[in-house]
Q: 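Right, I'll just put the structure down here and ask away after.
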Amino acid sequence: MSIVEKQNAEKSPMNGLTLFGLFAVTAMLVCYALEERSRWFVLGFAAACALGSVYGFLQGAWPFGAVEAIWAVVAARRWWRKAGPTH
């Protein structure tokens, strides 16, 4: 790898962590928009929030990670409540 290629690679805003965060936030948006269609989208939203939390902690933004973790718990609880009685 040449010096110019190495410098361009270091400046690239799209690395694996950024792509992971983009995936997590996109999944949150899609699942949130579709929550009324099925309770499974609520669970998907909870999972996407958990991924967003992991992203926040990995990139060093612990307040974002903490808030997303709370949202994951809130959404999981909403999913559980939408399940209703199982008998």
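The structure presented is a predicted model; accordingly, all values stated were derived computationally and were not measured. For the single chain, residues carry numbers from 1 onward in sequence order.
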Q: What residues form a salt bridge (charged side-chain N to carboxylate O under 4.0 Å, His left out) with R78, not counting sequence neighbours?
A: E35
Q: Quick one: side-chain contact (heavy atoms from CB on, under 4.5 Å) partners of V25, sequence neighbours excluded?
A: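 For V25, the residues satisfying side-chain contact (heavy atoms from CB on, under 4.5 Å) (neighbours in sequence not counted) are M28.
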Q: Using the salt bridge (charged side-chain N to carboxylate O under 4.0 Å, His left out) rule, collect all pairs that involve residues 13-31, keeping only residues at least two apart or in two chains.
A: none
Q: Apart from L29 itself, what residues make up its hydrophobic cluster, given side-chain heavy atom links below 4.5 Å?
A: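 Besides L29, the hydrophobic cluster comprises nothing; the residue is isolated.
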Q: Test: side chain to side chain donor-acceptor pair (under 3.5 Å). Region: residues 13-23. Which pairs qualify, not counting sequence neighbours?
A: N15-T18
Q: Can you list the residues that meet the side-chain hydrogen bond (donor to acceptor under 3.5 Å, both in side chains) rule with T26, with sequence neighbours excluded?
A: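 None.
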Q: Under the rule for ring-ring contact (aromatic ring centres under 6.0 Å, His included), what residues qualify as partners of W80, not counting sequence neighbours?
A: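 With sequence neighbours excluded, W80 shows a ring-ring contact (aromatic ring centres under 6.0 Å, His included) to no residue whatsoever.
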Q: Determine all donor-acceptor pairs shorter than 3.5 Å in which one atom belongs to a side chain in residues 37-64; sequence neighbours excluded.
A:
unit_1: S38; atom_1: OG; unit_2: W40; atom_2: N; d: 3.1
unit_1: S53; atom_1: OG; unit_2: G65; atom_2: O; d: 2.7

